[in-house]
Amino acid sequence: MDNFYLDTETQKPQKPQHKSFELPGAKPHYSPDKPGQVEHIFLDLALDIPHQSYQGTCKIRLNPVRDDVTHLMLDAVNLQIDSVTIDGTQQPFDYDGEQLRILLREIPTPGKALTLAIAYRCEKPQRGLYFIGPTDDYPDKPVQVWTQGEDEDSRFWFPCFDYPGQLSTSEIRVRVPQPYIAVSNGELVDTQEDGDSKIYHWMQKQVHPTYLMTLAVGDFEVIQDHWRDIPVTYYVEKGRQEDGQRTMGKTPQMIEFFSQVFGYDYAYPKYAQVCVADFIFGGMENTSTTLLTDRCLLDERAALDNRNAESLVAHELAHQWFGDLLVINHWSHAWVKEGMATYSEVLWTEREYGADEAAYYRLGEMRSYLSEDKTRYRRPMVTHIYREAIELYDRHIYEKGACVYHMLRTALGMSRFKKRFITLCKTTLTARLRL
Ligand SMILES: [Zn+2]
């Protein structure tokens with residue numbers, strides 16, 4: 001049966017005027033059955049930047065949770081799979097260009113971790129990992145390589161169990177031609193020069209989902225700052241050092257502010273922001289390593305009346321708590337992180353420019369949501385019915401999500417609102433933090 005609403009004037013039943021959110025082909029989406037818990041992912045890659053290709057090994061340590069697993073199904077799109085081993089023994093596999101099905105020679109024992117090693121290569125990837133460089137039309141474009149995993153694109157650059165319900169530590173070792181710098185999640189544990197190449201080895205010791213794994217490579221200018229004793233680094237194209245400082249310079253103050261507001265100190269060993277060319281979004285909150293579009297960089301004149309970049313920096317930073325530390329289990333809950341990151345723009349505005357400015361900012365968010373509701377569609381904030389998860393990233397989860405958080409803060413009061421977050425973080429973290 002259709003839903004009917006009462007017309008406010010006539011009190012007669014009226015059909016809702018809203019268009020449907022669900023596109024043709026939309027269906028319910030569930031998290032896949034887990035054959036095991038992924039404990040660690042190690043990517044060991046060598047980039048061939050002139051040929052826009054790379055090759056290497058993806059090692060996944062998996063702790064089986066069932067004793068009847070005969071095969072493993074990994075997400076892996078448009079990769080060339082050379083070989084698959086488990087604990088050093090070759091395994092047969094099928095690969096259809098989207099999923100890698102590994103047939104197990106031995107049924108694994110629950111509790112006894114096994115290590116999958118997949119040797120693979122990739123040429124001119126279409127998603128996941130992007131090679132950027134000069135073209136005839138844009139001869140000054142810098143040479144860069146960067147990744148974008150959210151929501152389900154990490155599978156385009158490495159084989160993985162690609163959904164947010166799998167959290168693991170991760171490690172990326174990458175060989176790049178000199179003088180390029182490679183930045184990734186966590187701490188830089190080693191660098192090694194080898195002829196014309198340099199190997200960067202990054203280690204992320206706090207568990208996180210595959211969509212937050214990242215790699216950014218370029219001949220960057222590095223601006224070094226800090227918050228307490230944690231390095232805060234801005235990477236920008238050569239010659240844009242002042243713009244970088246101007247645009248991201250408030251980051252340490254923001255880290256202090258959000259550590260106070262959320263009642264939980266910034267959790268990672270560093271915070272890097274890398275401004276990259278042709279980025280497909282405004283920013284992406286990869287764990288401890290946010291990527292930002294280089295279009296957010298402000299020159300002196302633009303900085304006079306443009307706070308968008310500051311809001312973007314605050315938004316991605318707030319995700320380090322909401323999204324990265326506190327991870328959603330399914331895309332249908334994306335409002336939990338996007339709503340809070342968007343509301344954090346309000347919180348930062350309040351701290352920096354006062355209550356009136358914050359109220360006006362919030363009003364803008366509300367109007368933005370209401371206009372989508374009026375002209376596009378109305379939907380529940382949480383729904384698992386869609387065609388692709390990316391369809392969920394609309395004003396219902398960002399701007400309305402922010403309004404819902406404001407409502408919760410108003411109802412609970414700031415101190416109880418904060419307490420709820422701390423409890424959530426502590427319960428999830430104690431279970432997840434593996435060193
Ligand atoms: Zn966001």
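Ligands are counted one by one from 1 in listed order, and the atoms in each one are counted from 1 as well.
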Trainee: Looking at residues at least two apart in the chain, or sitting in another chain, which of them share a side chain to side chain contact (heavy atoms under 4.5 Å, CB included) with L312?
Mentor: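 For L312, the residues satisfying side chain to side chain contact (heavy atoms under 4.5 Å, CB included) (neighbours in sequence not counted) are L292, C296, E316.
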Trainee: Of all residues at least two apart in sequence or in a different chain, which pass the side chain to side chain contact (heavy atoms under 4.5 Å, CB included) check with A334?
Mentor: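 So A334 forms a side chain to side chain contact (heavy atoms under 4.5 Å, CB included) with I328, Y393, I397.
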Trainee: State, with a plain yes or no, whether a side-chain heavy atom of L408 is found less than 4.5 Å away from one of F417.
Mentor: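 Result yes, sub-4.5 Å side-chain heavy-atom pair found.
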Trainee: Just say parallel, tilted or perpendicular for the rings of Y235 and F220, cut-offs at 30° and 60°.
Mentor: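 Aromatic pair Y235/F220 classed perpendicular.
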Trainee: Can you sort out the partners of Y377 under side chain to side chain contact (heavy atoms under 4.5 Å, CB included), two or more places apart, ordered by chain and number?
Mentor: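 Applying side chain to side chain contact (heavy atoms under 4.5 Å, CB included) to Y377 gives F21, E372, R379, D394, H396.
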Trainee: Evaluate the ring planes of F42 and H40, with Trp represented by its six-membered ring, and classify them as parallel (under 30°), tilted (30 to 60°) or perpendicular (over 60°).
Mentor: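 If you compare the ring of F42 with that of H40, the planes turn out tilted.
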Trainee: Go around the Zn ion (ligand 1) and count every protein N, O or S atom nearer than 2.8 Å.
Mentor: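 Considering protein N, O and S only, the Zn ion (ligand 1) has 3 within range.
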